Amino acid sequence: MLVLSITLSIFCILFIYKKILSLVLASAMVASALAGCGSTKTAETQAPTTQASAETKAPEGSEAAPAETAAAAGTIEDGAKLVYWPMWAETEPQGQAISEAVDAFVKSTGIEVEINWAGSRDTRKTLEPALSAGETVDVFDEDIERVNGTWGKYLLDIQSMYDASPLNGAQNATLIELAKQQGGGTLKSVPYQPSTFIMFYNKDAFTKAGITAVPTTWDEFLADCEALKGAGVIPMTVDDAYMACLFGFLMDRVAGSDTTEAVAAGDFSNEAVLKTAQVLEELTTKGYIDPRAAGNVYPQGQSNIADGSVAMYLNGSWLPNEVKNQTPEDFKWGAFSLPQIAEGGDGAESNQYGAQCFAINKDTKYPNAAFALIQWLTSGEWDQKLADASMGVPMDNNATWPAALADAKAVLDSTTHRLNWAVGMENDTNVNAAIKTNMAMMISGSVNAQQFADAFAKIQKGS
């Protein structure tokens with residue numbers, strides 16, 4: 001009996017063990033099958049996730065991927081390899097900073113990134129043919145309006161990815177809202193290097209002229225111009241690249257943005273043209289615009305700001321960076337918004353602002369990896385380094401603006417009405433060309449305000 005009892009006990013134990021082993025093996029097979037299904041999903045069938053994979057690891061010997069990158073990227077796709085087309089040249093400050101940031105990203109995450117520098121500074125001509133031909137382009141960047149407008153049909157909607165990422169709430173809300181508007185009500189790009197287009201000036205020149213505060217009325221602006229002229233400093237300049245911008249901004253201050261946009265779109269005989277031309281005529285006949293500006297070819301105008309011969313230039317927040325190798329280290333930059341010129345015109349609350357932005361090709365196979373790269377470049381250490389390298393504006397709310405742009409930040413913060421680029425005056429190539437030609441002639445004294453307006457009325461619409 002004892003032997004029989006022991007035998008039965010052993011049999012029971014073996015039976016139970018086999019049952020447990022069968023269950024374990026079955027569970028393992030199910031798990032393996034599920035894992036296999038997940039790894040074969042394509043970008044077309046697998047929506048970007050918003051939770052980090054616990055198994056996403058940096059390559060051996062590298063730093064661990066930051067938690068915030070993993071959280072934003074979701075589960076990084078197996079074998080992710082990105083192709084990125086930057087708008088910058090590799091030798092530019094922005095290109096150098098981005099190159100360094102991408103190297104660090106690759107080391108930290110193990111995601112391969114190929115940078116196509118070949119399209120740099122010529123992206124406007126080369127990117128769309130590449131996208132339409134189906135070339136591999138995962139991430140690209142350019143002006144916020146061009147990316148979302150001209151190339152909008154190629155963009156991946158990243159709203160849900162952004163909302164679930166640490167970027168949400170940590171970046172410049174004004175620019176994020178602008179990107180959303182440009183994307184048709186949903187986020188299809190992430191801005192970086194915000195910019196604003198306002199009047200930049202040499203603070204030492206103002207001090208030399210006895211000017212203690214920036215002008216808040218047009219009469220004060222004209223008085224400051226006279227004071228600068230009396231101190232031996234040419235008040236303001238322009239060159240061929242920004243003549244349409246100056247004309248558009250002056251008309252905005254004369255008649256408002258709606259009228260200015262309408263003129264740019266084809267209302268060439270509008271009385272606002274003559275009124276704006278009369279403002280230009282006063283500035284030129286009184287010697288407030290540098291007579292050399294009639295023949296200035298970009299970047300000659302800004303070089304004259306850098307050499308101290310001219311005090312003011314209506315330009316973008318990129319100006320201090322573009323002339324930093326020409327200005328002394330102690331050069332003091334100031335900035336202010338042009339005041340209203342006439343009743344019905346906009347005032348200092350109206351300014352153009354925008355940014356470059358990163359976007360993801362809707363046909364990418366690696367949306368999560370692409371978003372991880374964008375987050376890496378637009379937040380924290382690399383957002384700040386890009387701003388520092390280019391004397392530009394960071395996106396992160398906690399980042400530090402360059403000292404040269406302190407006044408520009410104040411103007412941007414007080415802007416309540418956004419103007420389009422050049423207030424529409426560069427939208428039509430014929431309009432742009434007519435402005436350049438006639439402004440150059442006015443500055444040189446070849447035409448007066450009425451002749452300017454008459455010539456403008458004869459523009460043939462169409463780009």
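On a predicted model such as this, the values are computed, not experimentally measured, just so you know.
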Are F268 and F456 an aromatic pair by the rule of ring centers under 6.0 Å?
yes
Please list every donor-acceptor pair under 3.5 Å in which a side-chain atom of residues 215-223 meets a protein atom from a residue at least two apart or in another chain.
{"from": "T216", "atom 1": "OG1", "to": "E220", "atom 2": "OE1", "distance (Å)": "3.0"}
{"from": "T217", "atom 1": "OG1", "to": "E220", "atom 2": "N", "distance (Å)": "3.1"}
{"from": "E220", "atom 1": "OE1", "to": "T216", "atom 2": "N", "distance (Å)": "2.7"}

Contacts of type ring-ring contact (aromatic ring centres under 6.0 Å, His included), residue F249, not counting sequence neighbours:
F197
Applying side chain to side chain donor-acceptor pair (under 3.5 Å), can you list everything that pairs with Q96, at least two apart in sequence or on another chain?
none
To the nearest 0.5 angstrom, please state how far the CD1 atom of I211 sits from the CD atom of E226.
10.5 Å
Taking every non-hydrogen atom, the tightest pair across S165 and F371
CB-CE2, 3.8 Å
Between N304 and T237, is there a side-chain donor-acceptor contact under 3.5 Å, judged purely by atom types and distance?
no
Which residues pass the ring-ring contact (aromatic ring centres under 6.0 Å, His included) test with F336, sequence neighbours left out?
Y201
Hey, are the side chains of L155 and F140 touching, using non-hydrogen atoms and a 4.5 Å cut-off?
yes
N397 side chain to Q171 main-chain N or O, any donor-acceptor pair under 3.5 Å?
yes
Not counting sequence neighbours, which residues clear ring-ring contact (aromatic ring centres under 6.0 Å, His included) with F358? List them please.
Y192
Can I get a per-line list of side-chain donor-acceptor pairs under 3.5 Å for residues 270-280, giving both atom names and the distance, sequence neighbours left out?
{"from": "N270", "atom 1": "OD1", "to": "A272", "atom 2": "N", "distance (Å)": "2.8"}
{"from": "N270", "atom 1": "ND2", "to": "D267", "atom 2": "OD2", "distance (Å)": "2.8"}
{"from": "T276", "atom 1": "OG1", "to": "A272", "atom 2": "O", "distance (Å)": "2.7"}

Any luck finding a side-chain donor-acceptor pair between D363 and Y154 under 3.5 Å?
no
Pair R253, S337 - check side chain to side chain donor-acceptor pair (under 3.5 Å), show working.
CA-CA 11 Å; R253 271 31 179 182; S337 178; 3.0 Å; yes
For Q451, which residues count as a side chain to side chain contact (heavy atoms under 4.5 Å, CB included) partner, sequence neighbours excluded?
V447, N448
Nearest heavy-atom approach of Q375 to P166 is OE1-CD, 3.8 Å
Applying the side-chain hydrogen bond (donor to acceptor under 3.5 Å, both in side chains) test to N420, which of E426, Q352, E261 qualifies?
E261
Say whether R292 and S309, considering side chains only, have a donor N or O and an acceptor N or O under 3.5 Å apart.
yes
Hey, would you say the F247 and F452 ring centroids sit under 6.0 Å apart?
yes
Which donor-acceptor pairs under 3.5 Å do side chains of residues 325-335 form with protein atoms, sequence neighbours excluded?
{"from": "Q326", "atom 1": "OE1", "to": "S303", "atom 2": "OG", "distance (Å)": "3.1"}
{"from": "T327", "atom 1": "OG1", "to": "V323", "atom 2": "O", "distance (Å)": "3.3"}

Of M236, M199, M251, which is the lone residue that meets side-chain contact (heavy atoms from CB on, under 4.5 Å) with L246?
M236
Locate the shortest heavy-atom distance separating G316 from F200; write the atom from each residue and the value.
O-CE1, 3.4 Å
Report the residues that fulfil side chain to side chain donor-acceptor pair (under 3.5 Å) with D143, sequence neighbours left out, ordered by chain and then residue number.
none
Just verifying a value: how many Å separate L412 CG and R418 CZ, rounded to the nearest 0.5 Å?
11.0 Å
Residues which pass side chain to side chain donor-acceptor pair (under 3.5 Å) with E349, listed by chain and number, not counting sequence neighbours
none
Given the options I115, T136, V139, T364, V83 meets side-chain contact (heavy atoms from CB on, under 4.5 Å) only with T136
All N/O donor-acceptor pairs, side-chain side in residues 175-187, below 3.5 Å, sequence neighbours left out:
{"from": "T186", "atom 1": "OG1", "to": "D157", "atom 2": "OD1", "distance (Å)": "3.0"}
{"from": "T186", "atom 1": "OG1", "to": "D157", "atom 2": "OD2", "distance (Å)": "2.9"}

May I ask you to decide if T196's main-chain N or O and S317's side chain share a donor-acceptor pair within less than 3.5 Å?
yes
Please enumerate all residues that pass side chain to side chain donor-acceptor pair (under 3.5 Å) together with Q193, with sequence neighbours excluded.
S390
Without hydrogens or angle criteria, can the side chains of N148 and S189 be said to hold a donor-acceptor pair below 3.5 Å?
yes
Shortest non-hydrogen contact from P194 to M395?
CG-SD, 3.6 Å
